[in-house]
Amino acid sequence: MACLFGFDVGTRLIGVAVGNTLTATARGIAAIAVREGQPDWTRLDALRREWLPERAIVGLPLDGDGRDQPMTRTARRFGAALAERWQLPVEFTDEGHTSQEASRRFAAQRAAGLKKRSDAGTIDAEAAAVILEAWLAQA
């Protein structure tokens, strides 16, 4: 069983999820702040030490035709920095519609009384979980 991290890269927050190859499931664990184009590496490094992932999966926001857009380059730069810093394999996967799925899951959890409006920041982490689960389903 391999522990994996999934990332949903944004300009203000990076959603982080943890998952494993045995169950092919993932769950959001954090939304990391991005300031002046740089993620909070101290927080990311602490998550790495806690979970010891063997691989990272970074969502690529592609346009409707599957081509790069400005945020795609941001995600690729983050993935490259992650690979260099952590010395582990980083793979990229299309993140198409993950934000909508994460919002749907959040709404369902709110309706069930499991989440509050103040938990909305967890949507980024949930989007990372959707990205990771999609990658696991294809692996």
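Throughout, residue positions are numbered sequentially from 1 according to the sequence presented. Keep in mind that what you see is a predicted model, and the values were worked out from it rather than measured.
Transitive grouping of hydrophobic side chains (ILVMFWY, heavy atoms separated by less than 4.5 Å) keeps V58 and L13 in distinct clusters. No continuous path of ILVMFWY side-chain contacts below 4.5 Å connects L4 to V16, so the two sit in separate hydrophobic clusters. V90 and V34 end up in the same hydrophobic cluster when Ile, Leu, Val, Met, Phe, Trp and Tyr side chains are linked at under 4.5 Å. Note on V9: it does not cluster hydrophobically with L132, by side-chain heavy-atom contacts below 4.5 Å among ILVMFWY residues.
Counting all heavy atoms, side chain and backbone alike, A56 lies closest to L82 at CB-CD2, 3.7 Å. Across all their heavy atoms, A26 and A129 have their closest contact at CB-O, 3.8 Å. L44 and P39 get closest at one heavy-atom pair: CD1-CB, 3.8 Å.
Enclosure of atom CZ in R27 is not indicated, since only 12 or fewer non-hydrogen atoms of other residues, nucleotides or ligands lie within 6.0 angstrom. Counting non-hydrogen atoms of neighbouring residues, nucleotides and ligands closer than 6.0 angstrom, the CD atom of Q87 exceeds 12 such neighbours.
Rounding to the nearest 0.5 Å places CZ of F78 at 4.5 Å from CZ of F7. Note that the CZ atom of F92 and the CG atom of L60 stand 6.0 Å from one another [nearest 0.5 Å].
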Solution key, residues 69-76 side-chain donor-acceptor pairs under 3.5 Å, sequence neighbours excluded:
residue : atom : partner : partner atom : Å
Q69     : NE2  : P61     : O            : 3.0
T72     : OG1  : P61     : O            : 2.3
T72     : OG1  : Q69     : N            : 2.9
T72     : OG1  : Q69     : O            : 3.3
T74     : OG1  : R77     : NH2          : 3.4

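Annotation: side chain of R55 is in contact with side chain of W135 (closest heavy-atom distance under 4.5 Å). Counting only heavy atoms from C-beta outward, the side chains of V18 and P53 never approach each other to under 4.5 Å.
Side-chain polar atoms of D45 and T42 form no donor-acceptor pair below 3.5 angstrom.
Within the 3.5 Å criterion, the main-chain N or O of T25 finds no donor-acceptor partner in the side chain of E133.
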Exercise for review: Verify side chain to side chain contact (heavy atoms under 4.5 Å, CB included) between E95 and V130, making sure each step is shown before the conclusion.
Suggested key: CA-CA 8 Å; E95 69 169 39; V130 173; over 6 Å; no
